[in-house]
Structure formats: structure tokens, C-alpha cells
**Q** 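The structure that follows is given in the form of C-alpha cells.
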There are 2 protein chains.
Amino acid sequence: MAERAGVSRQTVSNAVNNPDLLRADTLLRVQQAIAELGYLPNRAARNLRTRSSHLIGLRISAAQEGTANATMDRFVHSLVETSRDAGYHVLLFAGEADDPLSGYDDLLRSTAVDAFVVTDTYLGNPQAGWLGSRRAPFVAFGRPWDAPEAHHPWVDVDGAAGCELATRHLLERGHQRIAWIGWRKDSPIGEDRREGWRRALHAQGLSSAGLAARVDDTVTSGAQASAALLDDAAPTGFVCASDTLAMGVLQTLAARGLTPGRDVAVVGFDDSQVAQVVTPGLTSVRQPLEQVAIEIVSALEGLLGHPPRVGDGVLLTPTLAVRGSS
Amino acid sequence: MAERAGVSRQTVSNAVNNPDLLRADTLLRVQQAIAELGYLPNRAARNLRTRSSHLIGLRISAAQEGTANATMDRFVHSLVETSRDAGYHVLLFAGEADDPLSGYDDLLRSTAVDAFVVTDTYLGNPQAGWLGSRRAPFVAFGRPWDAPEAHHPWVDVDGAAGCELATRHLLERGHQRIAWIGWRKDSPIGEDRREGWRRALHAQGLSSAGLAARVDDTVTSGAQASAALLDDAAPTGFVCASDTLAMGVLQTLAARGLTPGRDVAVVGFDDSQVAQVVTPGLTSVRQPLEQVAIEIVSALEGLLGHPPRVGDGVLLTPTLAVRGSS
DNA sequence: CTGAAAGCGCTAACAC
DNA sequence: GTGTTAGCGCTTTCAG
């Protein structure tokens, strides 16, 4: 221990945790000794004493192959960086694929983490209820769709606004017949995004009838849906619930000898690597994940503060990354 | 505490950590009590006492936008799942972009992690030397290119074998003139992969002269290089050091009205989401990241065992994901 | 403003 | 096989 400075161990502790308790010269002396010896408090001891780990848990599920979704990756990066600035590290853990609750309990009971960030809210987040009943601090990335009155902090991205933005972008480019390809009706996220498209069309007095398809999130589904829509409704633009579906549209266009961005415009959602790399570039709605991470960490700091502050939900607006396809 | 079973706290500890020390009936009784009370040892206390955290640190750097590389994402998933089975969790941390060492030191000195997994070895891994001198246990994902005699455990994927596989695949498909598009010469990984391509050609008595380009890892570079090669050497197949470069080739082919897989074959490297989603599917070398994670965790268990075992380097062979582009 | 004492919850070492 | 003792390194509480 750094009694090198000629003070008690306690004074060292204070120098680290409550610097303003010490006299200026003492503080300086201790800080010098700390720097010289490269002292850093032992995590385990501090955790034991303070009953906190300065760790936030994030469960990751296996990335889905065959889709263009890299949201998680970008989000994790942002979260790690933002957490660091707040003095937290991110603990990653896995759970059984079929059980959205697995993994949380052990970490909680063993006091391994201070709080969780919950992401898979599309499942109708049973986690929220469960964690809530366990009095486990957590912030959700995703709205409580099924429980509007849920009393936990959350941060989400306004998918409807994103798709409205995308649709308006195509309207400004002169398109009048803009089709929608989205997910099946049981996805609240999908329905939300769809609503943005509908809103933008109706705001211009345009009808959305016959211009929408609801399919699975695969390239093939996107290709089939766009082919059918082109035949039946002859749209000149497509707004899609995902980059994966948009890639299906590009596939159909290529098969028919149509040039994306010139003959038919296409917009995807998520600004995945695929959108960035494919020719001629896929215009895509980009979630402000850095900002999401900032809001989440901020909510987390509230939850873990003294006294705890439970903030309201935060809804962020995405941007549009415009590329060659529109 | 679970004295509900009528035993001492120590017996509980033994039941959890050294079950074979107890008599069968005592053990059973304790285990029942544990189950009833939902007891789980407090992490912090255990960590303090055993001087270990059961955490392994992994530094992540910001994902590069505009490239098709999702290796890190898949690897992190695999590592988390494998670590869990070995009783470890993964602690993610960030570092300053310009300092490959930043972030490690604090975690080490504060005993926050038991070991590290080091991934950015393409930097000529100064981390290895630094961590070694600090006696910090770590396993590298990546060979010690600049220091063949480095005395630390590592796991890597044989890029040369992967590209040889890719090239042989094209040879079997009847291609004779197969070009290479890779990275600049200062990348040992790139030179290694290139060597696999060369080896496969020479094994067939084919010349590799005039069939190779070394460029930056961008789509545009891949497009330009492939255009130049098509003009100068008229290859019928391309093997690329990355999916990003391969996307550039596809772009050139599209611009010239050539159909990938029919007129010209293309193979990428990394089996990214882009490869899986692009039309008509990009054949790509796939790293066995699940296996890499298993080997890494195994090496980690050796390092952290009593006594520590330092294993040798492990070199794994990738596979080829064949799709429409070949 | 600084020092001394107590104890967080667990497990390694030793006695019984 | 099981219970007892001690102490991991820190911070909170309380005296000086």
C-alpha cells in the first residue's frame, strides 16, 4: 500500500474517492505517491465493500446469418465507449436461445453486474417484467410495445420517423408511387416503420392501397415481394423495413434489367455494411446508435445514483444515409 | 447464509467448490438448501478471496465503416458462448484508437480481469510483448508475425490454406487464369493469403505472373484493380483477400455486363453478411471462428490452471462457402 | 482534516 | 468429513 506518502491507508482511499475531503497539500502528496507506485484500487475488494461491480451486463444472442443486420455490433461498440466514460465496463453474456430470461438470474444473484441493458425487446420483452419484479436495475433499448405504461427507463429509435423520412426523400425526388416491403403483422417494430411510410404518402394526398407487402426478413422474400409489386402496382420506388429486404429488391431490379436509382429507387433500413458496400450504394435509414448508447448510459447512471432517478422513455430520430440507389 | 441445512458456512463453500469432499448425504442436503434458497456465492467476495475475477478482457476497436468485415462480431459471439461453458464471462473494453496498449493496463492493475484475449495482432502486436513483460496471462487471436519465437499461446486461421482452397476450387471449375487482388505488402496477413493463391497455381504448373494486384481494402480499389487486370491479363477468375475487394470485382463485372459465376468467377474472404446477401451470392473463405474460440478458451484454461500450462500455437484451416459467384 | 477499527462474504489452511 | 479461524483489500463509521 502507498504509505509512501506518509499517510494512512484511509487517506489514500479518500484521495481516490473523496478528494475534496483532504487538504490540498496532503492530496497532492498522496496523488504523487499514487502515480509513482502506479497504484490502482483492487476491484474485488472495492466491489465487495461497496456492493457494486461497476459492470453492466449485456446479453448477446447469436447473429443471424443471411441477413444484413449489424445493428448489434455498432451498438455494442458505442455502449462500450460510452460506458467507459461513465466508469463502467460491459460484461457480455450468452443465454439459451429459447429462453429470453436465461443468464440474467445468475449474474444478478451473484452480484456480478450492477445493471443490465436489455435489447431483445421485440420478443415482447418478458425480461422487463421479470427484472422489474427482481428490482434489478436495467434500461431497455426498445420501447415496451405491449406495456405502454411500463415503468422502466427505455431508449428507442423512431422507426416510423425514419421511414417517413425515407419516403419523403423519394417524394422529393419526384416519385409518386412508392411501395412498402415490411415484416409480418406480428412485429410491432415492423408495423411502426410501415406507419411512417403510410403517413408520408397520405400527407401528400397519395394513396397507399395495393402498394404494400408483409413478408419474412429474407432476401428471397424481398425479391419475390418486389417482383409481385412491380407487376401489380408499378411503383417507382421502394421503402423497406430492412436492408435485407432492400437487397431482395435490388436483386429483382437486376434480374429485370432495371437500374437502381435511375429506373427504380430503393431505400433500406439499418445502414448495414451491405448497404455501404453494394453497388451503387443502398440508401438506408441509419439509427443513431452512438446517441442511443449515450442516453442509455445516462439513464443507467440515474438508476444507479443516490437516490435513484428513473427517467422517462427517450425516442431518438434516425437519419438517412443517401446513396446511389435513390 | 444457508445454515438452513444445519451445516457450517464452510461446508456450503465446499459443496459448491469441492463437492467430492463431502459425504453424499451431506452434499445432497446442502444442495437442496441451496436450491431452495436460490443461493449463489457473492462474486465480489469470492473474487477477493481467490484473487481472480473469472473475467476475460477483450478490447474492441470501432468497426470500420465501408468494409464488409464482420469477423469480430461472429468471433465475439463464439467467445462469449465458449467462455460461459468454461465458467468465464467476457469483459469488453475500449481503448484509444491510436494506442494499441491503452485500456489493458488499468484492468490489469486493478485486477479486474484474469486474462486477455488479444485480437489486433496485425499491428505487429506490441501488446504481446507488453503483456508478457507484465506477466499478464493472454492468448492471441493471430500469429506473432514479427516474432516467430514469441513464447505466448496463440490461435490463428491459416489464410494461405484458405486462399489455396479457393484457388483450387476455381481450378477445379476449369479456370486457368486466376487473378489475385490483395492488400499492400506491409500486411503479413495479406502476404500470407496471397501465398496460398500462388501455391495453388504453381502446383498446377500455372504462372502467377501479371495476375496480381496489391491495393487498399476498399470497394473502389477492388473495382479498379479488377478492371485493370481484366484489361491486361484477361483472367476468368478472381481470388480476393477480403469480401470488400470482391465486392469491387462484382461492381466491375456488372459495369461490363459480365455475369459473376458464369462469365467470371469471384471468391472473397471472411464470409461476411455481404457475401451471403449479395446477388448471386459471393463464394467466400470462412474462418472457423467457433473453433478459434474453443481453442482460445482452452489455452486460457491452461494459462490459468495450477500449474499454468503454456500451450503451443494453434493453426486452424478455414472452409469455403460456395455460392453463385463461382 | 486525519487515524484507528470494523466488516463486506467468501474460501484456504488448519484443527477436530 | 466437518467446524473454526483468519484474512483477502478496500471503504464506512467513528474518534481524535
Side-chain angles (χ1 to χ4, degrees), chain A residues 1-34 37-55 87-89 105-114 304-307, chain B residues 1-34 37-55 87-89 106-114 304-308:
Chain A
M1 241 291 208
E3 263 59 351
R4 145 82 134 273
V7 296
S8 77
R9 64 152 57 174
Q10 178 48 22
T11 307
V12 175
S13 174
N14 281 337
V16 175
N17 300 299
N18 306 72
D20 37 332
L21 244 90
L22 303 196
R23 222 171 33 209
D25 61 328
T26 318
L27 179 59
L28 193 65
R29 216 166 18 131
V30 177
Q31 283 175 334
Q32 274 177 349
I34 286 177
L37 293 140
Y39 168 80
L40 223 57
N42 177 300
R43 275 304 250 251
R46 166 180 281 184
N47 292 349
L48 176 58
R49 187 64 237 233
T50 61
R51 301 164 166 285
S52 72
S53 63
H54 282 269
L55 251 36
Y88 289 91
H89 285 285
D105 194 33
D106 288 356
L107 288 172
L108 203 52
R109 294 218 316 272
S110 64
T111 62
V113 300
D114 289 351
L304 299 174
H306 303 286
Chain B
M1 242 287 206
E3 261 59 351
R4 144 82 134 274
V7 295
S8 78
R9 67 154 52 177
Q10 178 51 19
T11 305
V12 174
S13 174
N14 283 336
V16 175
N17 299 302
N18 306 71
D20 37 332
L21 244 96
L22 303 197
R23 221 170 36 207
D25 62 328
T26 318
L27 179 59
L28 193 67
R29 215 165 19 131
V30 176
Q31 284 176 334
Q32 276 178 348
I34 286 177
L37 287 108
Y39 168 79
L40 222 56
N42 178 299
R43 277 301 252 250
R46 166 180 282 185
N47 292 349
L48 177 58
R49 185 65 240 236
T50 62
R51 299 162 165 288
S52 72
S53 63
H54 282 267
L55 252 37
Y88 288 90
H89 286 284
D106 288 357
L107 289 172
L108 204 51
R109 293 218 316 273
S110 63
T111 63
V113 301
D114 290 350
L304 299 174
H306 303 286

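Note on naming: letters A, B, ... go to the chains in the order of the sequence lines (proteins, then strands), and numbering restarts at 1 for each one.
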**Q** Could I get the full list of salt bridge (Lys or Arg N to Asp or Glu O under 4.0 Å) partners for B/Asp25, not counting sequence neighbours?
**A** B/Arg23
**Q** Please produce a list of atom pairs where a protein N or O lies less than 3.5 Å from an N or O of nucleotides 14-16 of chain D.
**A**
none

**Q** Within the sub-3.5 Å range, which N or O atoms of nucleotides 5-7 of chain C have a protein N or O partner, and how far apart are they?
**A**
residue: C/dG7; atom: N2; partner: A/Arg49; partner atom: NH1; Å: 3.1

**Q** Return the set of residues passing side chain to side chain donor-acceptor pair (under 3.5 Å) with B/Thr26 (not counting sequence neighbours), or none when no residue passes.
**A** none
**Q** Base, sugar-phosphate, or nothing: which does B/Asn17 touch, judged by heavy atoms less than 4.0 Å apart?
**A** sugar-phosphate
**Q** Over all strands shown, is B/Leu22 touching base, sugar-phosphate only, or nothing at heavy-atom distances under 4.0 angstrom?
**A** sugar-phosphate
**Q** Kindly write out the residues that satisfy side-chain contact (heavy atoms from CB on, under 4.5 Å) with A/Gln32, not counting sequence neighbours, or none if the list is empty.
**A** none
**Q** With a cut-off of less than 4.0 Å, is there a side-chain N or O of B/Tyr39 near OP1 or OP2 of C/dC10?
**A** yes
**Q** D/dG1, C/dG9, C/dT11: which one has an atom nearest the side-chain heavy atoms of A/Leu48?
**A** C/dG9
**Q** Taking OP1 and OP2 of C/dC1, is either one under 4.0 Å from a side-chain nitrogen or oxygen of A/Arg23?
**A** no
**Q** Does some side-chain heavy atom of A/His89 sit less than 4.5 Å from a side-chain heavy atom of B/Leu107?
**A** yes
**Q** Mind listing the closest non-hydrogen atom pair of B/Tyr88 and B/Leu55 along with its distance?
**A** CD2-N, 4.0 Å
**Q** Which atom names give the shortest non-hydrogen contact between B/Pro41 and A/Ser110, and what distance separates them?
**A** O-CB, 3.5 Å
**Q** Looking only at heavy atoms, what is the nearest atom pair of B/Arg43 and B/Ser53, with distance?
**A** NH2-O, 4.3 Å
**Q** My understanding is that only residues two or more places apart in sequence, or in another chain, count here; which of them pass side chain to side chain donor-acceptor pair (under 3.5 Å) with B/Thr111?
**A** A/Asn42
**Q** Of all the nucleotides listed (D/dC8, D/dC10, D/dT2), which has the minimum atom distance to the side chain of B/Leu21?
**A** D/dT2
**Q** Return no unless some side-chain N or O of A/Thr11 is found under 4.0 Å from OP1 or OP2 of C/dC1.
**A** no
**Q** Could you pull out all residues at least two apart from B/Arg109 that satisfy side chain to side chain donor-acceptor pair (under 3.5 Å)?
**A** B/Asp105
**Q** Among residues at least two apart in sequence or on other chains, which ones pass side chain to side chain donor-acceptor pair (under 3.5 Å) with B/Arg46?
**A** B/Asn17
**Q** Compute the bend angle of the helix from C/dC1-D/dG16 to C/dC16-D/dG1 from the end axes (five pairs per end), rounded to 10°.
**A** 40°
**Q** For D/dG9, does either OP1 or OP2 sit under 4.0 Å from a side-chain N or O belonging to B/Arg51?
**A** yes
**Q** Is any side-chain N or O of B/Thr50 closer than 4.0 Å to OP1 or OP2 of C/dA12?
**A** no
